[in-house]
Amino acid sequence: MNLKKVILVAVLAVSQSIAAVPAWAAPVSTESATPQSVNAAANTADTQLQPESTDPLPPLVTEPPAGTVMPTPTPVPAVVVPTATPAPGVTETPIPAATVAPGATIAPVDGTVPTDAVMPTATPLTDSPVTPSMTNSAAGGGQLILMMNSNKMFRNGTPYTANQPMAVKNGVSYVSIRAMVEMVGVAFTYDAKTKEVIVTKGTSIMRFKTDSKIYTVDGTKVTMKGPAYQFKGTFMIPLTSITSALKIPYTVDNVQKRVILTLNTKPTASFTVQPKEIYAGETTVNYVTTSSSPNGSPIVEELWSGNKMDVYDQPGFYTVTYSVRDANNLWSDPYPVTIQVLQPNQPPVAQFTTDKEEYKMGEPVILTDTSYDPENEELTATWNNRSLAYFTPGPLSIQLTVTDKRGLSSTFEKMITITNEQLYTQDEVTKLFTIPGDIISMDGGMIPALPNLPYTLSSEGYTLIRSNSPETVQTEGVLYRENSVGNTRFLVHHMNNMATRQKLYVIATNNNLYPTTINIQYLGIAGPVTSPEYTGKVSMEKYFNSMVTGLAESQITLQPGQSLPIMTDLNKVAMKPKDVMSLSADLFSDLPVQYNVVMVEQSKDPVAELPYLPILDIDGVHTRGTFPDSTRIMNVTDLVGTTQSKLLLGDNIMDKNLDGIDPMKGTYVSNAGNFGVLYKIVLDRVAANTLITFNPRGGPYLGPLIVNGTMVNLPNKGVIGKTSDTNAVVYRTGEYEGRVEIVFSVASGSNLPVNFVFTPLPAKK
C-alpha cells in the first residue's frame with residue numbers, strides 16, 4: 001500500500017469517527033472554518049475522488065434503504081474542481097448534448113427549487129464552477145451541476161459529494177440513482193427481493209431493476225442505453241434515463257466537463273372566475289382555483305391579495321392575486337387575474353317610426369325600426385300587427401318588442417289611422433311590395449298549365465361527383481372512389497347511423513410521377529346536425545356565398561404518391577349517431593387525382609385506414625355517380641314577363657336528368673333530381689314590372705340562389721313548398737326592361753321539381 005492510500009484511509013477513518021451524516025450529501029458548514037482548514041479540506045476531498053474500478057464487478061451489495069445514515073464523506077467547500085483522472089478501462093467520453101431516453105422529451109426550464117432540503121445561505125466561493133447568476137434558491141428552483149468522471153456536485157453553488165463518481169461504461173454515462181433522487185427531492189425505496197429501486201414523484205411511480213436495460217413509468221416500459229447495476233453498495237443508472245424519468249432538462253458543457261440540470265420543485269397556482277360576465281351589484285363571483293407541486297407535495301396554505309370580493313359594488317377593473325405554499329415551505333409565483341366588472345345590464349329601448357300618420361286601405365306602411373340597446377348588444381325584434389298594408393278603416397295599433405341577449409325587453413306602441421279610401425287590393429300589395437325571400441300565395445293549380453319558356457341549352461365541363469348513397473351509413477368504409485382531372489364538382493351528403501362518433505373525409509391521392517396542384521374554387525360545408533334539410537340549405541348558402549366573395553379559394557400541392565384529406569372543415573367535428581354532413585364544392589386539378597369519400601371512427605387516421613376500408617354498396621334509394629358537364633346554361637332570348645309563364649327544372653321531361661356512371665360498380669346511373677347540377681339561367685330580356693317567384697312542386701324546399709349577383713334565401717323564414725300555392729319572391733324588375741341572371745342548384749334534403757314563375761305586376765299608383 002503506497003503512502004497516498006495510507007493517508008486516504010486515515011483521513012476517511014477520522015472523518016467518519018467525528019460524525020455520521022444523515023444522507024449521501026450535505027453542504028459544508030464554513031462558519032468557523034479558517035483558510036487553512038478550508039484548504040486542508042479541499043486537498044483531502046481531492047484525494048477521496050476515486051474513479052470506478054476497472055476490475056470485474058464484485059458480488060452485488062444491497063444499497064441500504066432510504067433514510068439509513070450513511071458514513072459518507074463530508075461535502076467539500078466550493079473550490080476549484082480539477083477533473084478526476086479516469087481509471088484504466090473507464091473512458092471519459094463526453095455526454096451528447098440534451099440526450100434523453102427513447103420516447104422521452106426534455107421538459108421545459110422554469111427555474112424552480114428542490115423540495116427536500118433547506119437551501120444554504122452561504123455564497124458560493126469564487127472558484128466554484130457555478131456563477132452567481134445560476135443560483136436562485138430563494139425563488140424555489142435552481143441548478144444541479146454534475147462534474148464528469150467525478151463525485152463532485154454543485155446545487156445552486158453549494159458543493160456536495162456523491163457516494164460514487166459519475167463514470168462512463170461502454171459509452172454510457174452512469175450516476176448514483178440515490179444521489180440524483182435525493183438531490184432532486186423525490187422519494188425512493190429499495191426492494192431487496194426484486195433488486196429494484198422504486199422512485200415516486202407525485203402520483204408517478206418509476207421502477208429500475210438491477211442488470212436490466214428496462215425501467216417502467218406507471219407500468220409503461222422504457223429502454224435505457226445501458227443496464228442498471230450495483231457497485232460497492234451503490235445502484236448506478238444511466239444519467240439520461242433518470243433525467244428523462246424525472247423530466248429534468250439538462251445541458252452539457254464539454255469545455256468544463258460538467259452536466260447542468262435545471263431543477264423544478266416550486267408549486268404552481270392559478271385560478272379562474274365564473275361567470276364570464278360579471279355585473280356590479282348583481283353577480284356573485286366564484287373563484288375556481290388550481291394548484292399543484294411538481295414533486296407531489298401537499299399544498300398547505302393559500303394566499304389571496306388584491307381586490308377579491310364576492311360581489312363588486314362598482315363597475316371597473318379589479319386585480320386579484322393567488323399564491324400557494326407547499327409542505328416544503330415553497331411558495332408559488334403569484335398568479336394575477338384582472339376582473340372586469342360591468343355596468344349592470346340596462347333594458348333595451350324599443351321604438352320605431354312610420355312614414356305617415358294616416359293611410360288609405362291597401363297603402364304600403366313603411367316602418368323604420370330605431371330601437372337601441374345601451375350596451376350595443378344585438379336585439380331580437382318581435383312585431384305585433386305589422387303588415388305591408390291594412391284593409392280595415394279606423395285607428396290601428398302596431399307594437400314592437402325588442403329583447404337583449406340576457407332577456408331584458410321593452411315594448412313600443414304607435415297608433416296610425418286607416419281611411420275608407422282604397423289604394424291597392426291585397427293581391428296587388430303582395431305582388432308589388434313583398435321583399436325577396438318572403439313567401440306569397442299564388443294559385444298553384446294553374447301553374448303547371450303555364451307555358452314553358454323556350455331556351456337554348458349548353459354546358460360547362462365540370463365533372464360532378466355525387467356521393468349520396470348509402471345516404472344512411474351503417475358501417476365504416478369508402479362511400480365513393482373516383483379519378484378526375486380539371487374542373488371537378490362535389491356533392492356529398494351522408495348520415496352516420498353507427499353507434500360511435502364518425503368523421504367524414506374527402507381524401508385526394510396523387511398517383512402521378514409529378515406533383516399536382518388542387519385549387520379549391522367554391523366551397524360550402526354544413527353539419528354535423530340531425531336535419532338533412534338544414535345541412536343541405538346551409539352548405540348551399542356557404543357555397544353560393546363563396547361564389548360572391550371568393551373567400552373559399554385555397555390551394556394544395558400533392559407530391560407523387562401522397563394522400564391527404566382536403567376540404568378539412570368537413571372533418572373538424574365528429575358526427576354523433578344520426579348526424580348529417582353536407583358538402584358542395586368546385587375545384588380544379590392540373591393532373592388526374594383519385595378522390596375517396598370515406599367515413600371512419602373519429603380517432604382513426606383515414607389515410608392509414610384507406611387501403612383496408614371496404615367499398616360500401618348503394619342503398620337502392622339515393623343516387624351516387626360521376627356525371628360529366630354538370631353546369632347547365634339555359635339562355636332565354638325572348639322577352640319574358642309580358643304574360644305569365646314558367647321555367648321548369650328537375651322533372652326529367654323538360655329538364656332531363658344527367659346520365660353518368662357508378663365507378664365502383666361500373667353501371668349506368670341517372671342523376672334523379674339533378675342534385676349537384678349548377679344551373680345558370682340567363683334571361684336576356686325581362687319586361688319592366690315583372691315578378692319572378694320560386695314555386696316548389698315536389699315537397700318542402702330550403703335553399704338559396706343568386707340573382708344578379710345577390711344571394712336570396714328560399715325562403716327567409718320557415719319552409720316553402722308544403723303546399724303548391726306557396727311561392728317565394730325571387731326578384732322584381734323596375735320601370736325598365738333588363739337582363740336577369742339566376743344561378744341555382746338544388747339543395748340536398750329538398751325536393752324536385754321546381755318552377756320559376758314570371759308574372760306581370762299591376763301598375764303602381
Side-chain angles (χ1 to χ4, degrees), residues 452-469 479-493 506 508 516 518-524 536 539-540 543-544 546-547 552 566-567 582-595 597 618 622-637 647-684 703-706 741-748 750 752-754 756:
N452 292 294
L453 291 182
Y455 56 83
T456 58
L457 184 64
S458 59
S459 62
E460 292 177 355
Y462 268 88
T463 299
L464 170 63
I465 293 175
R466 181 180 176 186
S467 179
N468 189 209
S469 186
L479 302 163
Y480 206 92
R481 176 173 291 164
E482 180 61 287
N483 292 281
S484 183
V485 63
N487 291 319
T488 304
R489 177 167 294 135
F490 279 87
L491 181 67
V492 178
H493 187 74
V506 176
T516 185
I518 299 174
N519 291 286
I520 307 296
Q521 299 165 332
Y522 314 127
L523 175 64
S539 65
M540 193 59 65
Y543 173 72
F544 280 145
S546 71
M547 284 188 183
I566 60 174
M567 301 178 287
S582 288
L583 175 146
S584 296
D586 287 1
L587 52 81
F588 175 87
S589 66
D590 54 359
L591 292 174
V593 175
Q594 184 188 77
Y595 298 102
V597 181
I618 58 175
H622 302 90
T623 301
R624 76 179 182 193
T626 301
F627 305 94
D629 303 324
S630 63
T631 297
R632 284 192 168 174
I633 303 172
M634 296 177 169
N635 189 257
V636 180
T637 57
L647 179 63
L648 180 61
L649 302 181
D651 68 331
N652 200 27
I653 299 174
M654 297 297 297
D655 178 36
K656 291 289 187 180
N657 292 346
L658 274 180
D659 293 331
I661 296 292
D662 180 341
M664 285 79 73
K665 299 175 71 68
T667 56
Y668 159 85
V669 63
S670 176
N671 187 10
N674 275 342
F675 286 85
V677 173
L678 187 70
Y679 292 90
K680 293 183 178 180
I681 303 166
V682 181
L683 308 164
D684 287 338
L705 53 72
I706 297 175
E741 294 186 4
I742 299 172
V743 180
F744 172 74
S745 188
V746 183
S748 295
S750 289
L752 273 293
V754 298
F756 286 94

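Note that this is a predicted model, so its numbers are computed, not measured. The first residue in the sequence is number 1, and the count goes up from there. Values below: every heavy atom of this structure, side chains too, minus hydrogens, waters and symmetry copies.
- The closest side-chain heavy-atom distance from M634 to L649 is below 4.5 Å.
- One distance of note links CD1 of I633 with CD of E460; it measures 4.0 Å at 0.5 Å rounding.
- Residues passing the ring pair (Phe, Tyr, Trp, His ring centres under 6.0 Å) test with F490 are Y595, sequence neighbours excluded.
- Residues V597 and S467 share a closest heavy-atom pair of CG1-OG, 3.8 Å.
- Between the side chains of T623 and N671, no donor-acceptor pair is found at a separation under 3.5 Å.
- Contacts of Y522 classified as ring pair (Phe, Tyr, Trp, His ring centres under 6.0 Å), with partners at least two apart in sequence or in another chain: none.
- Contact detail for A508 and I566: the closest heavy-atom pair is CB-CG2, 4.0 Å.
- Side-chain contact between T631 and V677 is absent, with no heavy atoms from C-beta onward closer than 4.5 Å.
- Closest approach of P663 and I661 over heavy atoms only: CD-O, 3.2 Å.
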Would you check, one step at a time, whether the test side-chain contact (heavy atoms from CB on, under 4.5 Å) holds for E741 with L683? CA-CA 6 Å; E741 294 186 4; L683 308 164; over 6 Å; no

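- Taking both residues in full, the closest heavy atoms of G673 and V746 are given as O-CG2, 4.0 Å, listed atom of the first, atom of the second, then distance.
- In this structure, CD1 in I618 is found 13.0 Å from CG in L479, a value given to the nearest 0.5 Å.
- Residues L705 and I742 form a side-chain contact, since some pair of their non-hydrogen atoms from C-beta on lies under 4.5 Å apart.
- Residues forming a side chain to side chain contact (heavy atoms under 4.5 Å, CB included) with S745 (at least two apart in sequence, or on another chain): M540, F544, L678.
- Put simply, the side chain of S539 never gets that close to the backbone of L583: no donor and acceptor are under 3.5 Å apart.
- With sequence neighbours left out, the side chain to side chain donor-acceptor pair (under 3.5 Å) criterion links N452 to K646.
- Under the side chain to side chain donor-acceptor pair (under 3.5 Å) criterion, N674 pairs with Y679, sequence neighbours left out.
- A search for salt bridge (charged side-chain N to carboxylate O under 4.0 Å, His left out) contacts involving R632 returns D655, not counting sequence neighbours.
- Remark: the backbone N or O of Q521 is not paired with any side-chain donor or acceptor of D586 at under 3.5 angstrom.
- Not counting sequence neighbours, the partners of S630 by the side chain to side chain contact (heavy atoms under 4.5 Å, CB included) test are Y462, L464, R489, L658.
- D629 places no side-chain N or O within donor-acceptor distance of the main-chain N or O of S459, the cut-off being under 3.5 Å.
- Pairing each heavy atom of S546 with each of A552, the nearest pair is CB-CB, 3.6 Å.
- Counting only heavy atoms from C-beta outward, the side chains of T456 and V636 never approach each other to under 4.5 Å.
- Taking CZ of F627 as the reference point, atom OG of S670 lies at 7.0 Å (rounded to 0.5 Å).
- Contact of the L587 side chain with the N519 side chain is not registered, since no non-hydrogen atoms from C-beta on lie closer than 4.5 Å.
- Counted by atom type alone, T626 and Y480 present one or more donor-acceptor pairs between their side chains at under 3.5 Å.
- By the side chain to side chain donor-acceptor pair (under 3.5 Å) test, D684 is found to be paired with R739, residues two or more places apart in sequence or in another chain being considered.
- Contacts of S750 classified as side chain to side chain donor-acceptor pair (under 3.5 Å), with partners at least two apart in sequence or in another chain: none.
- Evaluation of the salt bridge (charged side-chain N to carboxylate O under 4.0 Å, His left out) rule for D659 yields no partner, not counting sequence neighbours.
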Between I681 and L647, is the side-chain contact (heavy atoms from CB on, under 4.5 Å) condition met? List the steps. CA-CA 10 Å; I681 303 166; L647 179 63; 3.7 Å; yes

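- Residues S582 and S748 come closest through the heavy atom pair OG-CB, 4.3 Å.
- Side-chain atoms of R481 and Q594, non-hydrogen and from C-beta on, do get closer than 4.5 Å to each other.
- Residue pairs satisfying the salt bridge (charged side-chain N to carboxylate O under 4.0 Å, His left out) criterion with at least one member in residues 660-679, sequence neighbours excluded, are listed as follows: D617-K665, R624-D662.
- Every residue was checked against the ring pair (Phe, Tyr, Trp, His ring centres under 6.0 Å) condition with F675, not counting sequence neighbours, and none meets it.
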